Enquirer: 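What follows is a structure written as structure tokens; I'll ask about it next.
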Amino acid sequence: MLDVQNLSLHYGGSQILYDVDITAKAGEVTCIMGTNGVGKTSLLKAICGTHPRSGGSMSLDGEDVGRLGADGLAKKGVAVVPQGRMIFPLLTVKENLETGFTCLPRDERFIPDEVFELFPILKDFMHRRGGDLSGGQQQQLAIARALIIKPKLLLLDEPTEGIQPNIIQQIGRVISLLRDRGDMAIVLVEQYFEFAYDLADQLVFMERGKVTSRHEKSEISKADAAKVFRIA
């Protein structure tokens with residue numbers, strides 16, 4: 001579903017990513033792991049088009065999308081759940097969900113029942129302002145908003161950050177359900193090792209803006225992955 005080759009990224013005169021290669025398959029979770037500051041969030045920003053790529057190529061479902069910006073990529077089915085959630089605090093839950101409509105044809109601008117099957121609490125809070133929700137509820141809203149566009153590629157940046165354990169478990173179940181549908185690729189950036197390893201089909205480790213190793217989960221034990229994670 002996603003194929004990135006030799007991706008580079010700069011912030012001003014500073015290079016942040018160096019010739020990064022990454023692939024993500026439909027029906028799988030690709031986890032990008034590494035310590036703070038290695039470029040994981042920058043990589044997601046480059047993939048979703050919110051920061052211009054300095055070099056390299058990118059294709060989505062076999063189509064070259066390397067020149068598209070964020071709006072074009074969203075219309076092609078790239079959805080992102082950013083770090084910090086970034087919901088609109090003064091809009092209601094319903095209005096937050098409806099912001100995803102801008103990427104859809106007019107006849108598809110509705111909130112699918114699946115959203116409320118995955119996140120039942122949102123149905124009860126449709127007219128509550130986003131800023132009045134708890135952190136865990138805001139994270140559920142951010143993921144639900146991303147699903148409105150029926151993504152081919154779902155990018156999740158630290159979805160467990162600052163979230164209570166019971167909501168983390170629910171988010172894990174939702175990610176598993178979305179993966180098992182088989183119609184989207186999921187790229188997960190996560191510091192919570194146990195959560196990431198349990199969900200991963202592929203693990204990609206980064207250090208200093210570069211991919212240092214990649215592994216199918218079937219090829220690396222949890223103990224060995226933990227050692228690489230601590231080194232990366």
Side-chain angles (χ1 to χ4, degrees), residues 1-9 15-48 56 79-85 118 135-136 138-140 142-143 146 151 153-182 184-232:
M1 185 62 75
L2 173 71
D3 186 11
V4 174
Q5 300 292 327
N6 300 316
L7 187 147
S8 298
L9 184 143
Q15 186 165 358
I16 306 300
L17 299 178
Y18 300 83
D19 300 322
V20 171
D21 296 342
I22 184 172
T23 59
K25 300 176 183 178
E28 291 190 0
V29 175
T30 299
C31 287
I32 303 172
M33 305 183 74
T35 55
N36 287 330
V38 301
K40 305 184 301 297
T41 293
S42 294
L43 176 57
L44 289 196
K45 288 180 177 180
I47 292 172
C48 73
V80 61
V81 180
Q83 188 175 24
R85 301 179 280 276
L118 294 173
Q138 288 183 6
Q139 188 64 276
Q140 292 176 77
I143 297 172
L153 173 65
L154 178 63
L155 308 173
L156 298 158
D157 194 357
E158 303 278 7
T160 69
E161 184 179 39
I163 305 300
Q164 56 267 44
N166 64 315
I167 301 298
I168 289 175
Q169 292 176 1
Q170 183 182 2
I171 289 172
R173 288 193 295 269
V174 166
I175 294 172
S176 293
L177 287 169
L178 295 173
R179 173 190 54 205
D180 293 345
R181 281 190 344 197
M184 75 171 72
I186 300 172
V187 176
L188 171 65
V189 164
E190 186 53 66
Q191 289 282 349
Y192 182 5
F193 175 78
E194 298 281 341
F195 180 84
Y197 184 85
D198 289 346
L199 284 171
D201 296 287
Q202 180 182 187
L203 297 108
V204 178
F205 294 93
M206 292 186 66
E207 185 175 2
R208 296 180 182 178
K210 299 178 180 179
V211 171
T212 53
S213 64
R214 55 175 59 84
H215 311 266
E216 297 293 328
K217 188 167 77 172
S218 59
E219 299 172 350
I220 185 169
S221 69
K222 192 171 188 176
D224 287 343
K227 290 176 183 177
V228 177
F229 177 64
R230 285 193 290 268
I231 293 170

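Note that the coordinates shown come from a computational prediction; the quantities given were computed from them, not determined experimentally.
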Enquirer: Go through the structure and list residues passing ring pair (Phe, Tyr, Trp, His ring centres under 6.0 Å) with Tyr197, not counting sequence neighbours.
Expert: Phe193
Enquirer: Applying salt bridge (charged side-chain N to carboxylate O under 4.0 Å, His left out) as the test, list every pair that has at least one member in residues 215-226; sequence neighbours left out.
Expert: Glu194-Lys222, Asp198-Lys222
Enquirer: Report the distance from atom CE of Met1 to atom CD1 of Ile186, rounding to the nearest 0.5 Å.
Expert: 11.0 Å
Enquirer: Please identify which of these residues, Leu188, Leu43, Thr41, Val81, meets the side chain to side chain contact (heavy atoms under 4.5 Å, CB included) condition with Asp157.
Expert: Thr41
Enquirer: My understanding is that only residues two or more places apart in sequence, or in another chain, count here; which of them pass salt bridge (Lys or Arg N to Asp or Glu O under 4.0 Å) with Arg179?
Expert: Asp201
Enquirer: Please table the atom pairs, donor to acceptor, closer than 3.5 Å between any side-chain atom in residues 162-177 and protein atoms at least two apart or in another chain.
Expert:
from	atom 1	to	atom 2	distance (Å)
Gln170	NE2	Leu118	O	3.3
Gln170	NE2	Gln140	OE1	3.4
Ser176	OG	Gly172	O	3.1

Enquirer: Identify, with sequence neighbours excluded, every residue that meets side-chain hydrogen bond (donor to acceptor under 3.5 Å, both in side chains) alongside Asp180.
Expert: none
Enquirer: Quick one: are Phe205 and Val38 in side-chain contact, heavy atoms under 4.5 Å?
Expert: no
Enquirer: Between Leu155 and Leu44, what is the shortest heavy-atom contact and its length?
Expert: CD1-O, 3.9 Å
Enquirer: For Met33 and Ala196, work out which heavy atoms get closest and say how close.
Expert: CE-CB, 3.9 Å
Enquirer: Return a table of donor-acceptor pairs under 3.5 angstrom between the side chains of residues 16-32 and protein atoms on other chains or two or more places apart.
Expert:
from	atom 1	to	atom 2	distance (Å)
Tyr18	OH	Gln15	O	3.3
Asp21	OD1	Asn6	N	2.6
Thr30	OG1	Gln202	NE2	3.4

Enquirer: Hey, are the side chains of Gln191 and Glu161 touching, using non-hydrogen atoms and a 4.5 Å cut-off?
Expert: no
Enquirer: Considering non-hydrogen atoms only, spot the tightest contact between Pro151 and Ala146 and give its length.
Expert: CD-O, 3.7 Å
Enquirer: Between Gln139 (side chain) and Pro159 (backbone), is there a donor-acceptor pair under 3.5 Å?
Expert: yes
